[in-house]
2 protein chains.
Amino acid sequence: MLNYSTSEENYIKAIFHLQKQDGTVTTNELANELKTKPASVTDMMKKLKAKKLLNYQPYKGFRLNNDGTRVALGIIRRHRLWEYFLAEKLKFSWDEVHEVAEDLEHVSNKKLIDKLDEFLGFPRTDPHGDPIPDANGKIEISRKICITELPLHTVAIVSSVSDQSSEILELLEHKKITIGTKLEVKKKFDFDKSMEIRIGRHPVFTISDRLAQNIFVQSN
Amino acid sequence: MLNYSTSEENYIKAIFHLQKQDGTVTTNELANELKTKPASVTDMMKKLKAKKLLNYQPYKGFRLNNDGTRVALGIIRRHRLWEYFLAEKLKFSWDEVHEVAEDLEHVSNKKLIDKLDEFLGFPRTDPHGDPIPDANGKIEISRKICITELPLHTVAIVSSVSDQSSEILELLEHKKITIGTKLEVKKKFDFDKSMEIRIGRHPVFTISDRLAQNIFVQSN
DNA sequence: AAATGGGTTTAGATAAATCTAAATTAAATA
DNA sequence: TATTTAATTTAGATTTATCTAAACCCATTT
Ligand SMILES: [Mn+2]
Ligand SMILES: [Mn+2]
Ligand SMILES: [Mn+2]
Ligand SMILES: [Mn+2]
(Lines give C-alpha, C1' and ligand atoms only; values in the text may rest on other atoms or scores of the structure.)
(Ligands and ions follow the chains in the order given, each with its own letter.)
Protein backbone atom coordinates (compact mmCIF):
# COMPACT_ATOMS: atom_id res chain seq x y z
CA MET A 1 0.00 0.00 0.00
CA LEU A 2 1.59 3.25 -1.17
CA ASN A 3 0.83 6.52 0.55
CA TYR A 4 -0.68 9.49 -1.18
CA SER A 5 -0.48 13.17 -0.31
CA THR A 6 -3.45 14.97 1.20
CA SER A 7 -3.91 16.76 -2.10
CA GLU A 8 -3.84 13.57 -4.15
CA GLU A 9 -6.34 11.98 -1.76
CA ASN A 10 -8.72 14.91 -2.05
CA TYR A 11 -8.69 14.62 -5.84
CA ILE A 12 -9.18 10.84 -5.76
CA LYS A 13 -12.11 11.05 -3.37
CA ALA A 14 -13.80 13.83 -5.36
CA ILE A 15 -13.50 11.85 -8.60
CA PHE A 16 -15.02 8.82 -6.89
CA HIS A 17 -18.05 10.82 -5.77
CA LEU A 18 -18.52 12.57 -9.13
CA GLN A 19 -18.24 9.30 -11.05
CA LYS A 20 -21.32 7.94 -9.34
CA GLN A 21 -23.47 10.34 -11.33
CA ASP A 22 -21.82 10.40 -14.75
CA GLY A 23 -19.61 7.75 -16.22
CA THR A 24 -16.61 10.02 -16.73
CA VAL A 25 -15.59 13.18 -14.91
CA THR A 26 -14.57 16.40 -16.64
CA THR A 27 -11.87 18.91 -15.75
CA ASN A 28 -14.31 21.71 -14.98
CA GLU A 29 -16.57 19.51 -12.86
CA LEU A 30 -13.65 18.49 -10.69
CA ALA A 31 -12.20 22.01 -10.50
CA ASN A 32 -15.59 23.23 -9.36
CA GLU A 33 -15.98 20.47 -6.78
CA LEU A 34 -12.55 21.09 -5.27
CA LYS A 35 -12.74 24.86 -5.54
CA THR A 36 -9.59 24.93 -7.58
CA LYS A 37 -8.73 25.91 -11.17
CA PRO A 38 -8.94 23.71 -14.28
CA ALA A 39 -5.19 24.04 -14.88
CA SER A 40 -4.50 22.56 -11.46
CA VAL A 41 -6.81 19.65 -12.22
CA THR A 42 -5.01 18.84 -15.46
CA ASP A 43 -1.67 18.82 -13.63
CA MET A 44 -2.99 16.43 -11.01
CA MET A 45 -4.66 14.15 -13.56
CA LYS A 46 -1.32 13.68 -15.29
CA LYS A 47 0.19 12.76 -11.97
CA LEU A 48 -2.54 10.31 -11.00
CA LYS A 49 -2.40 8.75 -14.45
CA ALA A 50 1.36 8.30 -14.03
CA LYS A 51 0.61 6.56 -10.73
CA LYS A 52 -1.84 4.31 -12.58
CA LEU A 53 -4.87 5.25 -10.52
CA LEU A 54 -7.07 6.44 -13.37
CA ASN A 55 -7.72 6.41 -17.09
CA TYR A 56 -7.16 9.76 -18.72
CA GLN A 57 -6.70 10.95 -22.27
CA PRO A 58 -6.35 14.71 -22.87
CA TYR A 59 -9.74 16.32 -23.54
CA LYS A 60 -11.57 13.03 -22.90
CA GLY A 61 -12.24 13.21 -19.16
CA PHE A 62 -11.13 10.67 -16.55
CA ARG A 63 -12.31 7.77 -14.49
CA LEU A 64 -10.74 5.86 -11.60
CA ASN A 65 -9.52 2.37 -12.45
CA ASN A 66 -9.60 -0.56 -10.00
CA ASP A 67 -6.56 0.61 -8.07
CA GLY A 68 -7.89 4.17 -7.87
CA THR A 69 -11.24 2.93 -6.66
CA ARG A 70 -9.58 0.85 -3.97
CA VAL A 71 -7.67 3.93 -2.77
CA ALA A 72 -10.87 6.03 -2.80
CA LEU A 73 -12.73 3.46 -0.72
CA GLY A 74 -9.93 3.52 1.84
CA ILE A 75 -10.26 7.29 2.19
CA ILE A 76 -14.05 7.08 2.44
CA ARG A 77 -13.73 4.36 5.07
CA ARG A 78 -11.52 6.60 7.19
CA HIS A 79 -13.77 9.61 6.67
CA ARG A 80 -16.95 7.84 7.68
CA LEU A 81 -15.46 6.00 10.65
CA TRP A 82 -14.20 9.30 12.04
CA GLU A 83 -17.62 10.88 11.42
CA TYR A 84 -19.20 8.05 13.38
CA PHE A 85 -16.66 8.47 16.18
CA LEU A 86 -17.25 12.21 16.38
CA ALA A 87 -21.04 11.87 16.50
CA GLU A 88 -21.29 8.79 18.67
CA LYS A 89 -18.42 9.19 21.12
CA LEU A 90 -17.64 12.91 21.16
CA LYS A 91 -21.28 13.99 20.81
CA PHE A 92 -20.72 16.23 17.83
CA SER A 93 -23.91 17.08 16.03
CA TRP A 94 -24.70 15.78 12.62
CA ASP A 95 -23.64 18.85 10.65
CA GLU A 96 -20.30 19.33 12.42
CA VAL A 97 -18.66 15.98 11.75
CA HIS A 98 -17.87 16.34 8.06
CA GLU A 99 -15.48 19.26 8.37
CA VAL A 100 -13.39 17.60 11.07
CA ALA A 101 -13.39 14.25 9.26
CA GLU A 102 -12.00 16.03 6.19
CA ASP A 103 -8.74 16.40 8.10
CA LEU A 104 -8.74 13.15 10.07
CA GLU A 105 -9.30 11.04 6.93
CA HIS A 106 -5.77 11.82 5.74
CA VAL A 107 -4.10 10.10 8.70
CA SER A 108 -3.71 6.78 6.98
CA ASN A 109 -2.47 4.19 9.41
CA LYS A 110 -4.17 0.88 8.73
CA LYS A 111 -3.92 -0.39 12.29
CA LEU A 112 -5.37 2.86 13.65
CA ILE A 113 -8.41 2.64 11.40
CA ASP A 114 -9.03 -1.07 11.92
CA LYS A 115 -8.80 -0.66 15.71
CA LEU A 116 -11.04 2.39 15.58
CA ASP A 117 -13.56 0.33 13.59
CA GLU A 118 -13.45 -2.38 16.24
CA PHE A 119 -13.71 0.15 19.09
CA LEU A 120 -16.83 1.60 17.46
CA GLY A 121 -18.38 -1.87 17.09
CA PHE A 122 -18.02 -2.09 13.29
CA PRO A 123 -20.70 0.45 12.42
CA ARG A 124 -22.36 -0.09 9.04
CA THR A 125 -23.26 3.54 8.28
CA ASP A 126 -21.99 6.99 9.17
CA PRO A 127 -24.14 9.66 10.89
CA HIS A 128 -25.60 10.70 7.53
CA GLY A 129 -26.70 7.16 6.74
CA ASP A 130 -23.97 6.48 4.18
CA PRO A 131 -22.40 3.01 4.21
CA ILE A 132 -18.89 2.51 5.64
CA PRO A 133 -16.53 0.33 3.56
CA ASP A 134 -15.03 -2.58 5.53
CA ALA A 135 -11.33 -3.29 6.00
CA ASN A 136 -11.24 -5.00 2.60
CA GLY A 137 -12.85 -2.07 0.82
CA LYS A 138 -16.20 -3.77 0.47
CA ILE A 139 -19.13 -1.37 0.63
CA GLU A 140 -22.87 -2.06 0.75
CA ILE A 141 -24.58 -0.99 -2.43
CA SER A 142 -27.10 1.35 -0.90
CA ARG A 143 -30.47 0.56 -2.47
CA LYS A 144 -31.80 3.93 -1.51
CA ILE A 145 -34.40 6.00 -3.33
CA CYS A 146 -35.41 9.61 -2.86
CA ILE A 147 -38.81 10.05 -1.20
CA THR A 148 -39.86 12.00 -4.28
CA GLU A 149 -39.81 8.59 -6.03
CA LEU A 150 -41.64 6.78 -3.25
CA PRO A 151 -45.17 5.56 -4.10
CA LEU A 152 -48.00 7.00 -2.00
CA HIS A 153 -49.09 5.30 1.24
CA THR A 154 -45.94 3.16 1.47
CA VAL A 155 -44.15 3.18 4.81
CA ALA A 156 -40.38 3.48 4.41
CA ILE A 157 -37.41 4.09 6.67
CA VAL A 158 -35.26 7.21 6.24
CA SER A 159 -31.74 5.89 5.53
CA SER A 160 -29.73 8.93 4.56
CA VAL A 161 -29.75 12.62 3.85
CA SER A 162 -27.64 14.03 1.03
CA ASP A 163 -27.25 17.63 2.18
CA GLN A 164 -25.22 17.86 5.40
CA SER A 165 -25.54 21.52 6.31
CA SER A 166 -26.67 22.88 9.67
CA GLU A 167 -29.61 24.50 7.87
CA ILE A 168 -31.13 21.19 6.76
CA LEU A 169 -30.39 19.68 10.17
CA GLU A 170 -32.33 22.48 11.87
CA LEU A 171 -35.30 21.87 9.61
CA LEU A 172 -35.22 18.09 9.94
CA GLU A 173 -35.02 18.34 13.72
CA HIS A 174 -38.00 20.65 13.74
CA LYS A 175 -39.99 18.22 11.56
CA LYS A 176 -38.77 15.34 13.78
CA ILE A 177 -37.26 13.50 10.83
CA THR A 178 -34.00 11.66 11.43
CA ILE A 179 -32.24 8.56 10.12
CA GLY A 180 -34.41 5.60 11.07
CA THR A 181 -37.69 7.53 11.02
CA LYS A 182 -40.58 5.56 9.50
CA LEU A 183 -42.69 7.72 7.24
CA GLU A 184 -45.08 7.55 4.33
CA VAL A 185 -46.00 10.05 1.62
CA LYS A 186 -49.72 10.82 1.73
CA LYS A 187 -50.11 13.37 -1.06
CA LYS A 188 -48.04 15.12 -3.75
CA PHE A 189 -48.92 18.50 -5.24
CA ASP A 190 -48.04 19.16 -8.85
CA PHE A 191 -48.02 22.92 -8.49
CA ASP A 192 -44.89 23.25 -6.32
CA LYS A 193 -43.96 19.56 -5.93
CA SER A 194 -44.48 19.89 -2.19
CA MET A 195 -45.75 16.79 -0.41
CA GLU A 196 -47.61 15.74 2.69
CA ILE A 197 -45.84 13.29 4.97
CA ARG A 198 -47.00 11.19 7.88
CA ILE A 199 -44.82 9.76 10.65
CA GLY A 200 -46.57 6.91 12.51
CA ARG A 201 -49.97 8.05 13.71
CA HIS A 202 -49.03 11.72 13.99
CA PRO A 203 -50.91 14.30 11.94
CA VAL A 204 -49.71 14.77 8.37
CA PHE A 205 -47.50 17.76 7.62
CA THR A 206 -46.02 19.40 4.54
CA ILE A 207 -42.45 19.48 3.29
CA SER A 208 -41.08 21.37 0.31
CA ASP A 209 -39.71 19.76 -2.84
CA ARG A 210 -36.32 21.24 -2.01
CA LEU A 211 -36.27 19.31 1.28
CA ALA A 212 -37.79 16.14 -0.18
CA GLN A 213 -35.01 15.99 -2.77
CA ASN A 214 -32.52 15.43 0.04
CA ILE A 215 -34.28 12.69 1.97
CA PHE A 216 -33.61 9.09 1.00
CA VAL A 217 -35.23 5.85 2.19
CA GLN A 218 -34.27 2.19 2.15
CA SER A 219 -35.68 0.29 -0.82
CA ASN A 220 -35.61 -3.47 -0.42
CA MET B 1 -5.47 31.51 16.95
CA LEU B 2 -3.56 31.26 13.70
CA ASN B 3 -2.88 27.91 12.11
CA TYR B 4 0.58 26.58 11.40
CA SER B 5 1.76 24.06 8.82
CA THR B 6 2.71 20.54 9.84
CA SER B 7 6.32 21.43 9.21
CA GLU B 8 6.19 24.58 11.32
CA GLU B 9 4.52 22.64 14.12
CA ASN B 10 7.20 19.96 14.06
CA TYR B 11 9.91 22.60 14.42
CA ILE B 12 8.06 24.42 17.21
CA LYS B 13 7.51 21.23 19.19
CA ALA B 14 11.12 20.10 18.78
CA ILE B 15 12.43 23.45 19.99
CA PHE B 16 10.16 23.25 23.02
CA HIS B 17 11.54 19.85 23.99
CA LEU B 18 15.17 20.80 23.38
CA GLN B 19 14.82 24.02 25.38
CA LYS B 20 14.02 22.08 28.52
CA GLN B 21 17.62 20.92 28.70
CA ASP B 22 19.61 23.95 27.59
CA GLY B 23 18.47 27.52 27.71
CA THR B 24 18.86 28.12 23.99
CA VAL B 25 18.73 25.71 21.08
CA THR B 26 21.35 25.56 18.32
CA THR B 27 20.91 24.98 14.60
CA ASN B 28 22.73 21.66 14.61
CA GLU B 29 20.84 20.35 17.63
CA LEU B 30 17.53 21.01 15.95
CA ALA B 31 18.66 19.67 12.57
CA ASN B 32 19.76 16.49 14.31
CA GLU B 33 16.51 16.16 16.25
CA LEU B 34 14.35 16.60 13.16
CA LYS B 35 16.61 14.58 10.88
CA THR B 36 16.98 17.49 8.55
CA LYS B 37 19.88 19.73 7.46
CA PRO B 38 21.18 22.87 9.20
CA ALA B 39 20.34 25.00 6.17
CA SER B 40 16.70 23.97 6.41
CA VAL B 41 16.66 24.89 10.08
CA THR B 42 18.00 28.36 9.39
CA ASP B 43 15.31 28.91 6.76
CA MET B 44 12.56 27.88 9.17
CA MET B 45 13.98 29.94 12.05
CA LYS B 46 13.74 33.04 9.87
CA LYS B 47 10.13 32.19 9.14
CA LEU B 48 9.19 31.53 12.77
CA LYS B 49 10.95 34.70 13.81
CA ALA B 50 8.94 36.65 11.24
CA LYS B 51 5.82 35.09 12.75
CA LYS B 52 7.01 36.28 16.17
CA LEU B 53 7.11 32.84 17.78
CA LEU B 54 10.75 32.89 18.82
CA ASN B 55 13.79 34.98 19.53
CA TYR B 56 16.56 34.45 17.03
CA GLN B 57 19.72 36.31 16.14
CA PRO B 58 22.01 34.80 13.47
CA TYR B 59 24.69 32.59 15.06
CA LYS B 60 23.17 33.05 18.53
CA GLY B 61 20.66 30.18 18.72
CA PHE B 62 16.94 30.48 19.37
CA ARG B 63 14.32 30.17 22.03
CA LEU B 64 10.52 30.17 21.91
CA ASN B 65 8.89 33.31 23.27
CA ASN B 66 5.54 33.33 25.11
CA ASP B 67 3.49 32.99 21.94
CA GLY B 68 5.71 30.18 20.63
CA THR B 69 5.46 28.36 23.94
CA ARG B 70 1.68 28.63 23.88
CA VAL B 71 1.61 27.13 20.38
CA ALA B 72 3.98 24.33 21.46
CA LEU B 73 1.81 23.44 24.45
CA GLY B 74 -1.20 23.18 22.15
CA ILE B 75 0.62 20.69 19.94
CA ILE B 76 1.81 18.70 22.95
CA ARG B 77 -1.71 18.67 24.35
CA ARG B 78 -3.04 17.18 21.11
CA HIS B 79 -0.20 14.68 20.89
CA ARG B 80 -0.61 13.38 24.41
CA LEU B 81 -4.42 13.24 24.35
CA TRP B 82 -4.25 11.14 21.18
CA GLU B 83 -1.61 8.90 22.79
CA TYR B 84 -3.93 8.40 25.74
CA PHE B 85 -6.86 7.65 23.43
CA LEU B 86 -4.84 5.13 21.42
CA ALA B 87 -3.59 3.31 24.51
CA GLU B 88 -6.73 3.48 26.63
CA LYS B 89 -9.54 3.13 24.07
CA LEU B 90 -7.95 1.43 21.07
CA LYS B 91 -5.67 -0.80 23.15
CA PHE B 92 -2.48 0.16 21.40
CA SER B 93 0.60 -0.78 23.34
CA TRP B 94 2.82 1.75 24.91
CA ASP B 95 5.48 1.84 22.21
CA GLU B 96 3.06 2.14 19.28
CA VAL B 97 1.19 5.29 20.25
CA HIS B 98 3.86 7.89 19.60
CA GLU B 99 4.18 7.30 15.86
CA VAL B 100 0.44 7.54 15.23
CA ALA B 101 0.09 10.60 17.48
CA GLU B 102 2.80 12.31 15.42
CA ASP B 103 0.24 12.55 12.61
CA LEU B 104 -2.93 13.09 14.63
CA GLU B 105 -1.41 16.00 16.56
CA HIS B 106 -1.52 18.17 13.43
CA VAL B 107 -5.30 18.07 13.16
CA SER B 108 -5.86 21.25 15.09
CA ASN B 109 -9.54 21.74 15.71
CA LYS B 110 -10.07 23.16 19.20
CA LYS B 111 -13.51 21.68 19.67
CA LEU B 112 -12.30 18.24 18.59
CA ILE B 113 -9.52 18.26 21.14
CA ASP B 114 -11.56 19.68 24.00
CA LYS B 115 -14.33 17.12 23.40
CA LEU B 116 -11.76 14.34 23.13
CA ASP B 117 -10.32 15.49 26.45
CA GLU B 118 -13.77 15.34 28.02
CA PHE B 119 -14.52 11.95 26.47
CA LEU B 120 -11.30 10.60 27.96
CA GLY B 121 -12.18 11.97 31.40
CA PHE B 122 -9.57 14.75 31.44
CA PRO B 123 -6.52 12.51 31.85
CA ARG B 124 -3.57 14.16 33.61
CA THR B 125 -0.78 12.15 31.98
CA ASP B 126 -0.18 10.29 28.74
CA PRO B 127 0.76 6.57 28.56
CA HIS B 128 4.43 7.42 29.13
CA GLY B 129 3.65 9.37 32.29
CA ASP B 130 4.12 12.80 30.77
CA PRO B 131 1.68 15.52 31.84
CA ILE B 132 -1.05 16.68 29.43
CA PRO B 133 -1.53 20.47 29.16
CA ASP B 134 -5.12 21.57 29.81
CA ALA B 135 -7.32 23.58 27.45
CA ASN B 136 -5.66 26.80 28.64
CA GLY B 137 -2.16 25.49 28.04
CA LYS B 138 -1.46 24.94 31.72
CA ILE B 139 0.84 21.97 32.37
CA GLU B 140 1.88 20.37 35.64
CA ILE B 141 5.54 20.99 36.35
CA SER B 142 6.62 17.38 36.65
CA ARG B 143 8.78 17.14 39.75
CA LYS B 144 10.35 13.97 38.51
CA ILE B 145 13.85 12.70 39.15
CA CYS B 146 15.75 9.88 37.54
CA ILE B 147 16.14 6.81 39.76
CA THR B 148 19.90 7.21 39.36
CA GLU B 149 19.45 10.29 41.60
CA LEU B 150 17.17 8.56 44.09
CA PRO B 151 18.64 8.02 47.58
CA LEU B 152 18.97 4.40 48.71
CA HIS B 153 16.11 2.67 50.55
CA THR B 154 13.55 5.30 49.57
CA VAL B 155 10.30 4.01 48.12
CA ALA B 156 9.21 6.00 45.09
CA ILE B 157 6.58 5.70 42.38
CA VAL B 158 7.62 5.34 38.74
CA SER B 159 6.02 8.30 36.96
CA SER B 160 7.48 8.26 33.48
CA VAL B 161 9.92 6.67 31.09
CA SER B 162 11.90 8.79 28.70
CA ASP B 163 12.71 6.22 26.01
CA GLN B 164 9.58 5.02 24.24
CA SER B 165 10.88 2.23 22.04
CA SER B 166 9.50 -1.29 21.88
CA GLU B 167 12.90 -2.54 23.11
CA ILE B 168 12.67 -0.73 26.45
CA LEU B 169 9.01 -1.75 26.76
CA GLU B 170 9.96 -5.41 26.35
CA LEU B 171 12.58 -5.10 29.07
CA LEU B 172 10.36 -3.16 31.48
CA GLU B 173 7.54 -5.68 31.05
CA HIS B 174 9.96 -8.49 31.78
CA LYS B 175 11.16 -6.73 34.94
CA LYS B 176 7.52 -5.93 35.84
CA ILE B 177 8.18 -2.21 35.98
CA THR B 178 5.44 0.07 34.72
CA ILE B 179 4.12 3.56 35.44
CA GLY B 180 2.78 3.50 39.00
CA THR B 181 5.17 0.79 40.20
CA LYS B 182 6.52 1.42 43.74
CA LEU B 183 10.19 0.61 43.98
CA GLU B 184 13.29 1.41 45.96
CA VAL B 185 16.98 1.34 45.10
CA LYS B 186 18.82 -1.04 47.40
CA LYS B 187 22.39 -0.84 46.08
CA LYS B 188 24.44 0.98 43.47
CA PHE B 189 27.67 -0.36 41.98
CA ASP B 190 30.36 2.08 41.00
CA PHE B 191 32.02 -0.26 38.50
CA ASP B 192 29.24 -0.28 35.86
CA LYS B 193 26.69 2.01 37.56
CA SER B 194 24.23 -0.91 37.63
CA MET B 195 21.83 -0.98 40.57
CA GLU B 196 19.74 -3.38 42.58
CA ILE B 197 16.05 -2.60 42.78
CA ARG B 198 13.23 -3.92 44.91
CA ILE B 199 9.54 -3.84 44.15
CA GLY B 200 7.39 -4.33 47.26
CA ARG B 201 8.46 -7.51 49.07
CA HIS B 202 9.74 -9.25 45.95
CA PRO B 203 13.37 -10.29 45.75
CA VAL B 204 15.82 -7.62 44.62
CA PHE B 205 17.00 -7.67 41.02
CA THR B 206 19.54 -5.82 38.92
CA ILE B 207 19.07 -3.23 36.22
CA SER B 208 21.71 -1.65 34.03
CA ASP B 209 22.70 2.00 34.15
CA ARG B 210 21.44 2.36 30.58
CA LEU B 211 17.96 1.31 31.72
CA ALA B 212 18.05 3.27 34.99
CA GLN B 213 18.78 6.47 33.06
CA ASN B 214 15.34 6.20 31.46
CA ILE B 215 13.22 5.57 34.54
CA PHE B 216 11.84 8.54 36.43
CA VAL B 217 9.96 8.75 39.73
CA GLN B 218 7.75 11.30 41.39
CA SER B 219 9.61 13.59 43.78
CA ASN B 220 7.36 15.44 46.18
C1' DA C 1 47.67 38.85 16.43
C1' DA C 2 47.01 35.32 12.97
C1' DA C 3 45.37 30.95 11.76
C1' DT C 4 42.29 27.13 12.16
C1' DG C 5 37.96 24.73 12.04
C1' DG C 6 33.33 23.83 13.51
C1' DG C 7 29.00 25.75 13.41
C1' DT C 8 25.97 28.61 10.80
C1' DT C 9 24.18 31.12 7.08
C1' DT C 10 23.62 32.19 2.16
C1' DA C 11 23.20 31.06 -2.73
C1' DG C 12 21.17 28.49 -5.87
C1' DA C 13 18.54 24.20 -7.23
C1' DT C 14 14.63 20.95 -6.93
C1' DA C 15 9.94 19.05 -6.14
C1' DA C 16 5.03 19.67 -5.00
C1' DA C 17 0.99 22.25 -5.51
C1' DT C 18 -1.02 25.98 -6.93
C1' DC C 19 -2.23 30.12 -9.97
C1' DT C 20 -2.93 33.43 -14.42
C1' DA C 21 -2.81 34.01 -19.10
C1' DA C 22 -2.13 32.22 -23.56
C1' DA C 23 -2.57 28.50 -26.81
C1' DT C 24 -4.95 24.60 -28.37
C1' DT C 25 -8.61 21.30 -29.24
C1' DA C 26 -13.13 19.55 -30.16
C1' DA C 27 -17.68 20.17 -30.61
C1' DA C 28 -21.61 23.09 -31.97
C1' DT C 29 -23.22 26.59 -35.23
C1' DA C 30 -23.56 29.00 -39.32
C1' DT D 1 -17.20 23.11 -44.78
C1' DA D 2 -15.72 27.13 -42.33
C1' DT D 3 -16.41 29.67 -38.12
C1' DT D 4 -17.17 30.38 -33.49
C1' DT D 5 -16.80 29.25 -28.73
C1' DA D 6 -16.33 26.82 -24.64
C1' DA D 7 -13.55 23.43 -22.43
C1' DT D 8 -9.07 21.99 -21.77
C1' DT D 9 -4.20 22.02 -21.84
C1' DT D 10 0.29 24.29 -21.82
C1' DA D 11 3.62 27.87 -20.54
C1' DG D 12 5.49 30.30 -17.16
C1' DA D 13 5.33 32.15 -12.27
C1' DT D 14 4.80 31.69 -7.24
C1' DT D 15 4.99 29.61 -2.56
C1' DT D 16 6.59 26.21 0.69
C1' DA D 17 9.84 23.04 2.14
C1' DT D 18 13.68 20.82 1.25
C1' DC D 19 18.63 19.96 -0.28
C1' DT D 20 24.01 20.63 -1.60
C1' DA D 21 27.85 23.39 -1.86
C1' DA D 22 30.07 27.55 -0.98
C1' DA D 23 30.80 31.45 1.97
C1' DC D 24 30.97 33.34 6.36
C1' DC D 25 31.43 34.08 11.51
C1' DC D 26 33.65 33.49 15.70
C1' DA D 27 35.78 31.13 19.51
C1' DT D 28 39.83 28.57 20.49
C1' DT D 29 44.47 27.52 19.56
C1' DT D 30 48.95 28.55 17.82
MN1 LIG E 1 -18.66 13.68 5.20
MN1 LIG F 1 -20.98 11.31 5.99
MN1 LIG G 1 4.96 10.86 21.98
MN1 LIG H 1 4.08 10.46 25.26
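Side-chain atoms are counted along with the backbone in the values below, which use heavy atoms only and exclude waters and symmetry mates. Chain letters run A, B, ... following the sequence lines, proteins first, then strands; residues in each count from 1.
The phosphate of dT18(D) (OP1 or OP2) has a side-chain N or O of Ser7(B) nearer than 4.0 angstrom. An OP1 or OP2 oxygen of dA6(D) is reached within less than 4.0 angstrom by no side-chain nitrogen or oxygen of Asn28(A). At the phosphate of dA7(D), neither OP1 nor OP2 sits under 4.0 Å from any side-chain N or O atom of Thr26(A).
Nearest heavy-atom pair, Tyr56(B) versus Lys49(B), reported as atom, atom and distance to 0.1 Å: O-NZ, 3.0 Å.
Taking the six-membered ring where tryptophan is involved, the planes of Phe85(B) and Trp82(A) are tilted, since the angle between them lies from 30° to 60°.
Heavy-atom neighbours of Asp192(A) CG from other residues, nucleotides or ligands within 6.0 Å: above the threshold of 12.
Separating the CG atom of Leu34(B) from the P atom of dC19(D) is a distance of 10 Å, rounded to the nearest angstrom. Between the CE atom of Met44(B) and the P atom of dT8(C) there is a distance of 18 Å, given to the nearest Å. What separates CG of Asn10(B) from C1' of dT18(D) is a distance of 14 Å, to the nearest Å. In this entry the distance linking OH of Tyr11(B) with C1' of dT18(D) reads 8 Å, nearest Å. Distance Lys37(A) NZ to dT8(D) P: 15 Å, rounded to the nearest Å. In this structure, the CG atom of Leu30(A) is 13 Å from the C1' atom of dT8(D), given to the nearest Å. Atom P of nucleotide dT16(D) and atom OH of Tyr4(B) are separated by 14 Å, given to the nearest angstrom.
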Give me the distances for all protein-to-nucleotides 9-11 of chain C N/O pairs that come in under 3.5 Å?
{"residue": "dT9(C)", "atom": "OP1", "partner": "Tyr56(B)", "partner atom": "OH", "Å": "2.5"}
{"residue": "dT9(C)", "atom": "OP1", "partner": "Tyr59(B)", "partner atom": "N", "Å": "2.9"}
{"residue": "dT9(C)", "atom": "OP2", "partner": "Thr27(B)", "partner atom": "OG1", "Å": "2.9"}
{"residue": "dT9(C)", "atom": "OP2", "partner": "Thr42(B)", "partner atom": "OG1", "Å": "2.8"}
{"residue": "dT10(C)", "atom": "OP2", "partner": "Lys46(B)", "partner atom": "NZ", "Å": "2.9"}

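Salt-bridge formation is not detected for the pair Lys188(A)/Asp209(A): no Lys NZ or Arg NE/NH1/NH2 atom is positioned less than 4.0 Å from an Asp or Glu carboxylate oxygen.
Under the side-chain contact (heavy atoms from CB on, under 4.5 Å) criterion, Val100(B) pairs with Asn109(A), Leu112(A), Leu86(B), Phe92(B), Leu104(B), sequence neighbours left out.
Applying salt bridge (Lys or Arg N to Asp or Glu O under 4.0 Å) to Arg77(A) and the options Asp126(A), Asp114(A), Asp134(A) leaves one that passes, Asp114(A).
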